[in-house]
Amino acid sequence: MARLGLTATTLAALAACGGPHRAPGPAAGAAATCDAAATRAYVRASWATLTRSNASLLGTALDGADRASMYVAADADVDAIRAELVAELGAARAARVELTPLPADPAALVPLVPLYLPHPYVVPGGRFQEMYGWDSFFILQGLLVDGEVDLARGMTDNFLYEVEHYGMVLNANDSVFLTRSQPPLLSGMVRAIFDATGDRAWLARALPIVERYHAHWLGADHAAGDGLARYFDHGAGPAPEVVADVEPGGTHYDRVRAWYRAHPDQAPAAAYDAATDTLTPRFYQADRAMRESGFDPTDRFGRFAADILDYAPVCLNSLLFAMERDLGDLHAALGDADEADAWHARAEARRARVRATMWDDARGLFMDYRFTDDTRSSYPFVTTFFPLWVGLADDAEARRVAGNLELFLRAGGLSTSTTASGSQWDEPFGWAPMQVVAVDGLRRYGLDADADRAATAFLGTVTRDFCAHGTIVEKYDVVHRTSRLAELAFGYTTNEIGFGWTNAAYAVLLAGLGDGGAAVVDAAATATAPDDAPAATEAAAPAAAPAAAD
């Protein structure tokens, strides 16, 4: 997911003070009864526990070091930001914080230094202590279900600030992420906040910023053939957060090289130089683009996504359609008919292009489009539901995709793909946001029975695992209905506790089941698990409830 988080010193300090590795909720076995209601209560409590701010992050860093650092935008008012920190930290502690304007030369950047944002935000949890691009969209949905409108609006304003001052919505607000974004969901956040507040003045200020972010995705580096887009990172070489993330077996890059050495017949020269046992510049560029996609790693675009630069992905182009439609609708809400018509026309042109290039009628699925040779992928992936989620598909296509639900639906929810590659964004792993995409997409087309089945399977897994460990985590093995990661070889081999978008998905999916949904989920949670669940060390240890980090 292209994350690293804080320095080891800061993480140690956070762990010592009760967060962020801990999460609200009972320790395993602490409650006599554990069910959907208890799990839902954990979610409500998590928003405070997972909320961070400049003061909380810098304050924790100062507890473990003499000084703390933060980058600010080159055009930022450093004196005003300093005054904020004095008010929040006190003069003595604020004086130990180094506020450094971003250098013009990217080579002069110090890695793993947080970037200033003006408002508090909810983080994923565990090692992931920044505000992440696409995580935050799903977190916002959960916040709104729980009435946390001010916090949701502040997070949206943070992203508007990023576009204005850092050039785009960032993968996360850390200096290593200044070269890439994540799947574009800002217009949906703006739309949701406007729906919740009706603030027309705020919307009028936000729309030009969203348009600027849209233009970022239409740049030459992101172009993928006629009118489509691809993922692309503007940096070069190994991603710094990957190099710094050493796990058993080395870094992700070390494990990839080892796999290529062991499988020379499957090691493309464009990605791996066998003579020197090195990954090529092309591989690193593809790897960075994969991290912008958020699906890192996966074999969806070739082994280790080494061919991603050749693809116009279903997810990205569906989201750009949604952004163009949202901009049209929001301009209409402000009474600007001409702008509304222009954006709606752009959306319809993209709709036609996506359906022409990505709809595979033989399979009944939307597939990624390889624009370099005018072919479609043959790798079924859960992103086939994105055109349903954003309303791009027609009714017949939506029914065909729903007819293929069993390709992805497992006992514990929707698997990311149908291929067990060993990567965390492939079989047998299921991720919370993909459940929301698919379930809400099915509901958009009136396919509620299918939506209910998928939602219930995943909610039952999360509830079952919560009742065993007292935590909600980042990812699940949906084949075996467990948070154990016995089959994971590539990706983050830890399973982080928190967990922002899983918590949000739980709230959203449970609400979607309506009255009586909790009872259905309880029944699913207590259903017999598969007999072949892998015996492995539990990925998520029980955790006691801490105080909020702020």
Side-chain angles (χ1 to χ4, degrees), residues 1 3 5-6 14-15 17-27 36-57 59-60 88 117-159 172-173 185 188-190 192-193 195-197 431-433 435-436 459 462-463 465-466 469-475 496-512 518 540 543-550:
M1 211 169 278
R3 301 166 163 146
L6 303 177
L14 282 164
C17 71
H21 291 291
R22 300 182 181 274
T39 314
R40 187 66 179 85
Y42 172 103
V43 169
R44 290 191 185 91
S46 73
W47 305 131
T49 306
L50 293 173
T51 297
R52 303 288 180 266
S53 66
N54 298 319
S56 64
L57 293 181
T60 303
E88 294 172 336
L117 292 175
H119 304 287
Y121 48 88
V122 176
V123 301
R127 72 167 79 184
F128 307 131
Q129 291 298 302
E130 302 91 355
M131 183 175 172
Y132 283 86
W134 72 326
D135 293 67
S136 295
F137 172 85
F138 294 97
I139 288 169
L140 177 140
Q141 306 306 309
L143 290 173
L144 293 178
V145 168
D146 281 340
E148 298 283 353
V149 176
D150 289 343
L151 184 53
R153 178 168 173 161
M155 293 179 67
T156 307
D157 281 332
N158 278 344
F159 280 154
N173 60 311
L185 290 153
M189 295 177 73
V190 168
I193 296 303
D195 287 346
T197 66
W431 293 74
Q435 319 298 315
V436 172
L459 290 169
V462 176
T463 304
D465 202 76
F466 173 79
H469 307 305
T471 58
I472 290 178
V473 297
E474 178 188 18
K475 52 194 175 247
E496 301 302 316
I497 291 170
F499 192 81
W501 67 12
T502 316
N503 300 350
Y506 197 94
V508 170
L509 294 173
L510 187 59
D550 280 7

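By convention here, the first residue in the shown sequence is residue 1. Reckoned from all heavy atoms, side chains included, excluding hydrogens, waters and symmetry mates.
Here the options are Ser136, Pro124, Pro433, the test is side-chain contact (heavy atoms from CB on, under 4.5 Å), and the partner is Trp501; only Pro433 passes.
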Show your working on side chain to side chain contact (heavy atoms under 4.5 Å, CB included) between Val122 and Glu148 and close with a plain yes or no.
-> CA-CA 11 Å; Val122 176; Glu148 298 283 353; over 6 Å; no

Can you list the steps and then say if Tyr132 with Ile139 is a side chain to side chain contact (heavy atoms under 4.5 Å, CB included)?
-> CA-CA 10 Å; Tyr132 283 86; Ile139 288 169; over 6 Å; no

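When all heavy atoms are compared, the tightest approach of Arg127 to Glu496 is N-OE1, 3.0 Å. Closest heavy-atom contact between Val508 and Gly142: CG2-N, 4.2 Å. Residues Val43 and Ala507 share a closest heavy-atom pair of CG1-CB, 4.2 Å. Residues Leu140 and Ala192 come closest through the heavy atom pair CD2-CB, 3.9 Å. In plain terms, the two heavy atoms of Phe137 and Met189 that are nearest each other are CD1-CG, 3.6 Å. Shown here for Gly125 and Leu50, the closest heavy-atom pair between the two residues is CA-CD2, 3.9 Å.
Under 3.5 Å, the side chains of Tyr42 and Thr471 contain no donor-acceptor pair of N or O atoms.
Using a distance-only test at 3.5 Å, with no hydrogens or angles considered, no donor-acceptor pair links the side chain of Ser56 to the main chain of Arg52. One N or O on the side chain of Asn158 and one on the backbone of His119 form a donor-acceptor pair closer than 3.5 Å. Formation of a donor-acceptor pair under 3.5 Å by the Thr502 side chain with backbone atoms of Ala432 is not found in this model. Remark: the backbone N or O of Ile472 is not paired with any side-chain donor or acceptor of Asp465 at under 3.5 angstrom.
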